[in-house]
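In the text below, chain A, chain B and the rest are named by the order of the sequence lines, each starting its count at 1.
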Protein chains: 2
Amino acid sequence: MINDLLLTHINKNVKFSTRAQEEFCSFFQPKTIPKKEFLLQQGQVCKFEGFVIEGCFRIFSMDTKGNENTLYFAAKDWWLMDIDSFMNHKPSDLNIQALEDSKILMISEEDKTTLYDTVPIAEKFFRIMFQKSIVAWQRRLVQNHSLTAKERYHHFKKNYPEIVAKLTDRQTANYLGITHEFLSKIKKQA
Amino acid sequence: MINDLLLTHINKNVKFSTRAQEEFCSFFQPKTIPKKEFLLQQGQVCKFEGFVIEGCFRIFSMDTKGNENTLYFAAKDWWLMDIDSFMNHKPSDLNIQALEDSKILMISEEDKTTLYDTVPIAEKFFRIMFQKSIVAWQRRLVQNHSLTAKERYHHFKKNYPEIVAKLTDRQTANYLGITHEFLSKIKKQA
DNA sequence: AGATAGTGTTGAACTTGTTCAACATTTTTC
DNA sequence: GAAAAATGTTGAACAAGTTCAACACTATCT
């Protein structure tokens with residue numbers, strides 16, 4: 001069933017009653033996104049939250065100098081959205097693009113509000129998700145300061161081999177905050 | 001009253017009933033921390049969450065190379081904790097040190113659990129706090145990649161002048177991810 | 001299948017930021 | 001109030017990572 005992955009995911013984090021599980025899932029609708037298509041583009045207001053079932057996405061922004069900046073990649077089992085835009089109803093700074101044919105479960109902004117009101121445990125669930133997310137962001141920041149580009153590359157490759165495998169070197173380099181030329185030189189060294 | 005700042009803070013984010021406000025605040029106890037003292041040291045399990053009433057703290061980790069790495073500073077109106085350690089009951093990688101004589105409101109781990117169970121709106125409140133926090137971490141990461149050290153310094157000084165004013169240049173430089181010597185050179189340029 | 005656009009590699013010159021050491025100044029401590 | 005410790009500054013040599021340009025290779029599109 002389409003909701004299996006989502007059910008496994010939520011139960012891994014918070015104990016949902018069977019009733020709550022059903023209600024929770026009923027708010028989500030499947031959507032397929034072909035390779036290269038944008039789920040969200042800079043300037044649009046993000047009116048959804050997505051949970052990746054299969055495929056892979058790149059979440060990135062463009063700075064004033066015209067450089068892309070990859071925030072993260074979302075593969076199976078990851079959440080997908082621009083929190084700032086979603087929460088504050090403001091135009092997004094982010095682009096969300098499918099790197100391959102992908103499938104997600106989506107919830108609209110209105111339904112998310114209803115979900116919080118009708119399934120109270122959802123509030124706890126997402127609180128815990130966000131806490132985990134903060135831990136990950138903090139780690140990434142420390143690593144960016146304390147590791148060299150080479151160390152960061154090997155760390156990423158070791159911890160997310162399935163994701164690295166889906167990426168071009170240019171995408172990997174951008175995520176690591178280095179040029180693709182330099183990544184090429186790093187790979188040669190190793 | 002001691003809880004005024006906390007009340008203003010929570011009401012800015014979520015509508016609490018008068019009853020919920022009282023209950024919420026009743027879980028917190030004031031604590032003063034003299035300058036230079038550690039509220040948490042690497043290796044300890046973080047069993048509290050703190051809300052800064054006055055003063056300022058530095059949250060940092062030490063990497064394997066022996067370098068300090070400042071995650072953030074927490075002044076009045078900021079929350080204080082090691083989420084990872086608090087959530088997973090594991091030894092912390094972080095140090096939390098008072099930069100000046102400070103006062104916080106504290107809640108213990110057990111009380112936090114009780115708070116979530118007895119004051120349901122607390123769950124929503126902290127979910128929103130965590131969302132905002134993620135937005136801030138994402139922004140910081142993008143800035144670290146897209147701005148030069150000079151730009152980062154001026155950005156930080158412009159956005160958090162009260163905090164910068166409390167810091168030594170070494171602390172500011174460490175937060176920005178550069179050496180204090182280089183910060184000195186940046187300041188000379190400007 | 002051929003044209004086209006995107007990807008990975010390499011080298012040389014360059015820029016940003018680091019390291020180390022020395023010194024002057026300020027702050028803390030007894 | 002003197003001694004000690006921490007802070008900020010400057011310079012010279014260095015290292016990490018960038019930029020630009022050229023080339024070979026691989027996908028993609030019709």
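Rounded to whole Å, atom P of dT15(C) lies 18 Å from atom CZ of Phe182(A). In this structure, the NZ atom of Lys187(B) is 10 Å from the P atom of dT10(D), given to the nearest Å. Counting to the nearest Å, the C1' atom of dA6(D) and the CD atom of Glu68(B) are 13 Å from each other. What separates CD of Glu181(A) from P of dA24(D) is a distance of 18 Å, to the nearest Å. In this structure, the CD1 atom of Ile186(A) is 10 Å from the C1' atom of dA16(D), given to the nearest Å. For Lys65(B) and dA15(D), the NZ to P distance is 16 Å, given to the nearest whole Å. Glu151(B) places its CD atom 14 Å from the C1' atom of dG17(C), with the value rounded to the nearest Å. Leu183(B) places its CG atom 16 Å from the C1' atom of dT19(C), with the value rounded to the nearest Å.
Taking the six-membered ring where the residue is Trp, the centroids of Phe28(B) and Phe51(B) are separated by 6.0 Å or more. Trp79(A) has its ring centre less than 6.0 Å from the ring centre of Phe126(A). Taking the six-membered ring where the residue is Trp, the centroids of Tyr175(A) and Phe73(A) are separated by under 6.0 Å. In this structure, the ring of Phe125(B) has its center less than 6.0 angstrom from the ring center of Phe24(B).
Under the 6.0 Å distance and 45° angle rule, Arg127(A) does not count as a cation-pi partner of Phe130(A).
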Evaluate the criterion side chain to side chain contact (heavy atoms under 4.5 Å, CB included) for residue pair Leu115(A) and Glu23(A); output intermediate values, then yes/no.
CA-CA 8 Å; Leu115(A) 170 63; Glu23(A) 287 196 64; over 6 Å; no

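Among the protein residues, Lys185(B) comes within range of the nucleic acid bases, having at least one heavy atom under 4.0 Å from a base atom. Within 4.0 Å (heavy atoms only), Lys35(B) reaches sugar-phosphate atoms of the nucleic acid but no base atom.
Ion pairing of Asp111(B) with Lys47(B) is absent here, as no side-chain N (NZ or NE/NH1/NH2) approaches a carboxylate O to less than 4.0 Å. Of the charged side-chain nitrogens involved, none lies within less than 4.0 Å of a carboxylate oxygen, so that Arg170(B) and Glu68(B) do not count as a salt-bridged pair.
For the contact set between residues 159-180 of chain B and DNA chain C, defined by any heavy atom under 4.0 Å, the members are Gly177(B), Ile178(B), Thr179(B).
The rotation axes computed at either terminus of the helix from dA1(C)-dT30(D) to dC30(C)-dG1(D) lie 70° apart, taking five pairs at each end and rounding to 10 degrees.
For Lys188(B), a side-chain nitrogen or oxygen approaches OP1 or OP2 of dG11(D) to under 4.0 Å.
Phe38(A) meets the ring-ring contact (aromatic ring centres under 6.0 Å, His included) test with no other residue; sequence neighbours excluded.
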